[in-house]
There are 2 protein chains.
Amino acid sequence: MNPEAFFIDQLRRVTLRWRTRFDAELKAQGQTLVRARALVYLARRPEGMTQRELTEQLMVEHPTMVRILDALEEQGLIRREPIEGNRRANRLILSPAALPMVDELEAAFAAEAHRVLRHVPPDKLALATEVLRGIAEQLEEGA
Amino acid sequence: MNPEAFFIDQLRRVTLRWRTRFDAELKAQGQTLVRARALVYLARRPEGMTQRELTEQLMVEHPTMVRILDALEEQGLIRREPIEGNRRANRLILSPAALPMVDELEAAFAAEAHRVLRHVPPDKLALATEVLRGIAEQLEEGA
DNA sequence: TTGCTATACGTAGCAAGCTACATATATTGC
DNA sequence: GCAATATATGTAGCTTGCTACGTATAGCAA
């Protein structure tokens with residue numbers, strides 16, 4: 001296998017394994033990786049944000065977001081609130097009940113990330129990150 | 001966001017964007033990224049292999065593989081052949097009709113990979129690959 | 001040989017990606 | 001002001017991941 005193909009294989013491998021591991025860890029709390037990410041991003045913005053903004057930050061397509069939010073709303077962790085003066089957008093607000101869970105999720109995420117990445121020297125991690133960021137931009141330019 | 005979290009975000013971003021792009025390119029041929037990968041691996045082994053072997057090579061779980069193979073069999077590109085002396089395993093065989101498509105797919109994959117990765121210097125790509133491989137192993141050890 | 005365990009494949013059902021299409025509301029340009 | 005366009009959200013339906021469970025066959029050990 002050529003180096004480019006092998007790189008792509010490893011990418012897929014790590015991304016999926018990470019998701020699987022984290023989903024398994026969160027299962028007890030009834031959460032998943034993406035839903036946890038959504039909650040964490042929302043917690044950083046107490047004044048709330050629209051679905052569109054959250055969709056961009058999480059880098060998913062909007063139908064995916066709709067379902068994530070449906071699930072979180074069902075769990076009583078967020079609500080979609082009408083925005084005065086803008087009847088097509090919603091403001092997403094974290095329920096007070098969600099705050100302790102968000103702290104737990106954030107801690108679990110950081111701990112797990114560190115457990116998985118602890119053997120990677122910081123300079124190599126930085127370089128790999130930079131390579132990935134460059135590729136992502138290349139992909140998003142459509143080029 | 002801390003460097004570890006940012007790294008993980010970039011990982012997900014690149015992996016998904018790559019899959020989306022490649023799926024879109026293959027749509028005209030009625031194929032997808034995983035199915036193409038399956039065909040390419042099978043083409044490298046004219047004597048065929050069992051589902052278990054292919055499952056390991058593609059790094060998916062076996063129910064995922066079952067569905068991929070169902071689709072490919074439906075398209076007439078492969079067949080599951082009984083193995084003499086082993087009544088539980090199947091030998092997967094590529095149909096002769098699939099060979100030209102496999103060549104196309106392999107060429108498309110290589111071309112697209114190169115288009116996306118051409119701006120990454122080989123030494124950096126190698127380093128990033130090595131980082132990813134290390135992380136994957138860490139993840140697979142369960143540690 | 002008989003029964004336990006391991007292996008190979010399959011089915012069911014869920015989550016999370018995606019595209020394509022639908023609906024309602026804003027915005028903009030004439 | 002009205003028509004055309006753009007934006008925000010939602011729905012439908014597909015693929016690909018996964019886990020959990022089912023079934024048949026192989027292998028091994030008492």
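Since the model is a prediction, treat every value here as computed from it, not as a measurement. Letters A, B, ... are given to chains in the order of the sequence lines, protein chains preceding strands, and every chain is numbered from 1.
Among C:dC18, D:dA26, C:dA8, the nucleotide with an atom closest to any side-chain atom of B:T20 is C:dC18. Listed nucleotides C:dA24, D:dT16, D:dA20 differ in distance to A:R88; the shortest reach to its side chain belongs to C:dA24. Nearest nucleotide to the B:A89 side chain, out of C:dC18, C:dA8, D:dT9: C:dA8.
Both A:L92 and A:V60 are part of a single hydrophobic cluster, where members link through side-chain heavy atoms under 4.5 Å apart.
At whole-Å resolution of the value, CZ in A:R37 and P in C:dA16 are 11 Å apart. If you take CG of B:N86 and C1' of D:dG27, they are 11 Å apart, rounded to a whole angstrom. Rounded to whole Å, atom C1' of D:dG13 lies 12 Å from atom NZ of B:K27. Atom CD in A:Q31 sits roughly 21 Å away from atom P in D:dC18 (whole-Å rounding).
At a threshold of 4.0 angstrom between heavy atoms, the contacts of B:R12 are confined to the sugar-phosphate backbone, with no base atom among them. Using a 4.0 Å heavy-atom cutoff across all strands shown, B:N90 reaches sugar-phosphate atoms only and no base atom.
In this model, no donor atom of one side chain and acceptor atom of the other lie less than 3.5 Å apart for A:H62 and A:Q51. Side-chain atoms of A:Q31 and A:Q75 form a donor-acceptor pair, as typed in the model, at a separation below 3.5 Å.
Although no hydrogens or angles enter the test, the distance criterion places no donor-acceptor pair under 3.5 Å between the side chain of A:Q10 and the main chain of A:F7.
If you check residues 59-72 of chain B against DNA chain C, the residues with a heavy atom closer than 4.0 Å are B:H62, B:P63, B:V66, B:R67, listed by number.
Checked options B:E137, B:E140, B:E141; the residue passing with A:R17 is B:E140 (criterion: salt bridge (charged side-chain N to carboxylate O under 4.0 Å, His left out)).
Taken to the nearest 0.5 Å, the CG atom of B:L117 stands 6.0 Å off from the CG atom of B:L125.
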